[in-house]
Q: 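Structure incoming, see below.
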Amino acid sequence: MGILEVKNVNKRFGGLKALSEVNLSVAENSVHAIIGPNGAGKSTLLNVLVGKLIPDTGSVMFDGQSVLGRTPYEINQMGISRVFQTPEIFGDLTVMENMMIPCFARRDGSFELNALTGVSKQVDIREKAEQMLIDMNMIDKRHMHSASMSRGDKRRLEIGMCLAQEPRLLLLDEPTAGMARADTNNTIDLLKQIKAERDITIAIIEHDMHVVFSLAERITVLAQGTPLVEDVPAKIKGHPKVREAYLGESAAA
Amino acid sequence: MLGLDKKDMTTLLVVAALVLLAPFILNPFPANSAMAQFNAGYPDLMQRFVIFGIFAIGFNILFGLTGYLSFGHAAFLGVGSYSAVWMFKLLSMNVIPAILLSVIVAGLFALVIGFISLRRTGIYFSILTLAFAQMSFNLAYSVLTPITNGETGLQLTLEDPRILGQTATESGGIPVTNLFGIEMRGSETLYFGDWSFQFSAGYYLCAIIMLISFYISVRIFRSPFGLMLRAIKSNKTRMNYTGLNTKPYALAAFVISGMYAGLAGGLLASMDPLAGAERMQWTASGEVVLMTILGGAGTLIGPVLGAGFIKYFENIFSKINESVLHSWFSFLPESVENGAVWVAEHFVGGGWSLTLGLLFMLVVTFLPGGLVEGGQRIIKLFRRRKADDGAEQRAAKSHPAE
């Protein structure tokens with residue numbers, strides 16, 4: 001039994017069958033990549049996992065509990081954190097404030113009316129956020145306005161914010177999309193380091209084969225809303241079906 | 001001190017000094033001079049400054065922090081006033097129970113309206129609050145006449161029970177609002193040569209409550225709750241995907257700002273015990289939006305400045321009439337004088353809102369951060385000058401004249 005179990009999920013948008021009979025099992029403490037050509041249903045699947053979309057049929061279980069019908073913040077509190085394709089951070093706040101918010105969410109839950117004590121008095125939260133910034137190697141940027149950082153730094157901060165919640169499953173939606181090669185390699189190294197240091201399951205949706213094959217322990221290939229194959233990276237590379245659906249196409253391009 | 005850091009404490013002390021010394025600061029001109037009409041240090045106007053300051057401080061907690069633009073906050077002001085007047089009619093003329101009730105009722109009212117309006121965001125939220133406020137206005141104006149006394153407004157009468165107080169004074173008049181015997185309309189005048197300064201009990205009650213409100217708002221700004229509200233303004237998606245439920249946060253901010261508005265309404269009624277439906281009209285809701293933006297939304301002191309600025313214009317500019325203008329321009333040849341008066345009179349008296357409109361446009365265009373940003377720029381300019389002077393002096397020293 002994996003930590004995340006997707007069974008017979010179907011999702012239609014009008015006449016378009018975005019997901020049909022999707023089955024997926026992500027093993028605990030693994031790095032699982034989901035790849036597929038454009039329009040394969042990767043993003044739809046991700047949106048189902050985080051509660052943004054509700055599938056027409058099927059079930060999604062996280063650690064033995066159904067996530068269906070729950071709102072994104074409830075699913076997050078269950079232990080699933082999501083990193084977006086374009087970094088979603090609090091652009092108006094400083095880096096330190098950005099990092100403190102997930103620490104509060106972890107300590108106080110989804111709502112806490114803590115209106116009369118100063119943020120500066122929350123020593124445990126400050127220490128945790130500072131430690132997290134040290135881990136992310138961005139403590140020197142703590143007073144920076146987060147919107148003014150480079151895309152690579154925003155991504156690093158966003159991943160750090162997700163980790164500050166101590167999630168059991170980290171979902172990444174094309175984390176290196178639109179990044180320069182150096183930033184991409186930094187992100188790969190960061191994710192490798194995270195995996196080495198923590199008990200965490202990572203599910204990653206990615207276009208960039210370099211990223212996928214450097215990180216993933218298992219790969220699921222989606223095509224036209226259905227999982228085509230699921231296997232270890234070495235076997236995926238040479239799989240004729242995958243070549244036909246995906247790698248052939250990208251090799252030609 | 002008081003759980004504030006040094007910078008916030010300085011801000012609080014500056015506001016406290018301004019508010020407590022207002023009778024002096026606002027009366028800079030001798031009572032009989034030509035400039036006396038620009039004096040704003042009379043109790044009625046000073047009370048308005050601080051009461052609308054409270055209103056704007058509360059509005060800023062919602063708008064400045066979360067970015068939710070409510071166009072119906074006057075409804076809470078009105079509800080607060082009605083509640084206070086009812087307290088004066090039924091219980092006693094002491095202002096404390098009246099103010100408490102107005103805060104509680106406005107808070108409950110805000111809970112209901114906020115719960116429904118916060119199902120939408122952005123412009124739809126604004127329109128919903130506007131709709132609720134106009135509904136409240138119409139209810140107060142006609143439908144709920146038994147409670148609100150319709151278009152006449154709710155007033156005290158000699159038949160009111162006032163179970164803990166007296167129905168009528170010994171001389172047969174309606175008793176006045178008081179704080180444990182201190183009459184709210186009572187005031188002392190201090191003469192100082194040609195100058196006169198008025199100290200009113202009502203003003204100082206409002207001033208102290210305003211300082212407490214301001215202090216609470218500073219605490220809210222610096223609290224984890226305030227941080228969450230700023231996070232809502234910045235990125236709701238990230239809030240949701242960080243396991244935080246934005247709705248109760250926004251609702252709490254809405255209710256708190258509604259209670260501030262109710263407090264302001266209660267104080268208005270405590271100073272002058274009557275309440276009319278026009279206090280809930282959309283123009284009154286718009287005014288607090290203007291105050292907050294003009295002063296600087298999201299800043300601590302901005303709303304207070306904005307409220308003072310607008311109330312000053314409303315009361316001082318509107319009093320300048322044609323004859324005053326003629327006396328100003330009398331040094332000009334008559335034909336030019338008439339022309340100048342004709343142009344200027346559109347901007348004063350009843351046309352004061354035209355001046356306000358122009359100023360608002362200028363501020364929003366050139367100082368998007370409001371008056372606070374203007375102040376910051378001036379301070380920066382001074383600092384730079386000082387730094388430049390210092391640099392020049394140092395340069396002069398290092399290159400002595402040959």
Side-chain angles (χ1 to χ4, degrees), chain A residues 50-52 71-84 86-94 96-122 125-126 129 145-147 154 157-158 161-162 164-167 171 173, chain B residues 1-9 58 61-62 64-67 107 111 118 212-213 215-257 259-260 297-299 369:
Chain A
V50 295
K52 203 177 169 194
T71 58
Y73 77 84
E74 287 169 331
I75 293 175
N76 178 283
Q77 288 283 359
M78 288 169 75
I80 302 181
S81 278
R82 174 181 181 176
V83 173
F84 285 78
T86 358
E88 292 277 2
I89 55 171
F90 302 109
D92 301 330
L93 308 184
T94 66
M96 182 66 181
E97 285 171 331
N98 264 277
M99 193 54 94
M100 282 194 295
I101 288 170
C103 298
F104 278 116
R106 170 77 185 159
R107 193 190 71 182
D108 298 338
S110 63
F111 174 69
E112 172 84 31
L113 188 63
N114 197 348
L116 293 177
T117 56
V119 170
S120 49
K121 304 264 166 20
Q122 309 280 325
I125 297 282
R126 297 195 74 89
H145 198 66
S146 67
K154 283 182 188 165
L157 175 62
E158 191 189 23
M161 287 163 71
C162 287
Q165 293 189 277
E166 299 158 36
L171 292 175
D173 186 5
Chain B
M1 211 163 61
L2 290 173
L4 301 181
D5 65 22
K6 217 174 139 198
K7 209 177 140 208
D8 292 336
M9 200 61 216
I61 291 174
L62 179 70
L65 289 178
T66 68
L111 187 66
L118 284 166
I212 296 169
S213 311
Y215 171 69
I216 294 174
S217 116
V218 177
R219 292 295 294 260
I220 290 175
F221 265 64
R222 302 294 178 234
S223 71
F225 175 66
L227 180 64
M228 294 301 173
L229 297 184
R230 288 194 292 140
I232 290 179
K233 185 179 184 178
S234 183
N235 191 338
K236 280 194 200 63
T237 308
R238 185 30 88 198
M239 276 295 267
N240 274 320
Y241 287 93
T242 308
L244 293 160
N245 189 357
T246 57
K247 266 188 198 149
Y249 280 109
L251 184 60
F254 193 88
V255 172
I256 291 170
S257 78
M259 288 165 80
Y260 268 80
T299 62

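Both backbone and side-chain heavy atoms feed into the values below; hydrogens, waters and symmetry mates do not. Everything numeric here is computed off the predicted structure, so don't read it as measured data.
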Q: Atom CG in Leu251(B), atom CZ in Phe111(A): separation rounded to 0.5 Å?
A: 8.0 Å
Q: Kindly say whether Arg238(B) contributes a backbone atom to a donor-acceptor pair with the side chain of Glu88(A) at under 3.5 angstrom?
A: no
Q: Contact part of Ala231(B) toward chain A, heavy-atom cut-off under 4.5 Å: side chain, backbone, both or neither?
A: both
Q: Answer yes or no: is there a donor N or O on one side and an acceptor on the other, between the side chain of Ser223(B) and the main chain of Leu116(A), under 3.5 Å?
A: no
Q: Roughly how far, to the nearest 0.5 Å, is the OG1 atom of Thr117(A) from the CZ atom of Arg219(B)?
A: 7.5 Å
Q: Are the side chain of Ser234(B) and the backbone of Asp92(A) linked by a donor-acceptor contact shorter than 3.5 Å?
A: yes
Q: Within the 4.5 Å heavy-atom criterion, are Gln165(A) and Tyr241(B) side-chain neighbours or not?
A: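 No, their side chains stay 4.5 Å or more apart.
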Q: Measure from the side-chain N and O atoms of Tyr249(B) to the backbone N and O of Glu112(A), and report whether any donor-acceptor pair falls under 3.5 Å.
A: yes
Q: Do you know which two heavy atoms are closest between Pro224(B) and Val119(A), and how far apart they sit?
A: N-CG2, 3.4 Å
Q: With rounding to the nearest 0.5 angstrom, report the OG1 to CZ distance, Thr242(B) to Arg106(A).
A: 13.5 Å
Q: Less than 4.5 Å to any heavy atom of chain B: does that hold for the side chain of Met161(A), its backbone, both, or neither?
A: side chain
Q: To check you understand the geometry: which heavy-atom pair defines the closest contact between Gly109(A) and Leu244(B), and what is its length?
A: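 Reported closest heavy-atom pair: O-CD2, 3.6 Å.
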Q: Quick one: does Ile89(A)'s side chain get under 4.5 Å of Asn235(B)'s, heavy atoms only?
A: no
Q: Other residues, nucleotides and ligands only: do more than 12 of their heavy atoms fall within 6.0 Å of NZ on Lys236(B)?
A: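 For Lys236(B), atom NZ is crowded (more than 12 foreign heavy atoms under 6.0 Å).
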Q: Within the 4.5 Å heavy-atom criterion, are Ile101(A) and Met228(B) side-chain neighbours or not?
A: yes
Q: Between Ile80(A) and chain B, with a heavy-atom cut-off of 4.5 Å, which part of the residue counts as in contact: side chain, backbone, both or neither?
A: neither
Q: Using side-chain heavy atoms (C-beta onward) and a distance below 4.5 Å, is Tyr73(A) in contact with Met239(B)?
A: no
Q: Against chain A, label Thr237(B) side chain, backbone, both or neither, depending on which of its atoms sit under 4.5 Å from a heavy atom there.
A: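 For Thr237(B), the side chain is the part near chain A, not the backbone.
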Q: With side chains defined as the heavy atoms from C-beta onward, is the minimum distance between Leu227(B) and Leu93(A) less than 4.5 Å?
A: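 A side-chain contact exists here, since the closest heavy-atom pair is under 4.5 Å.
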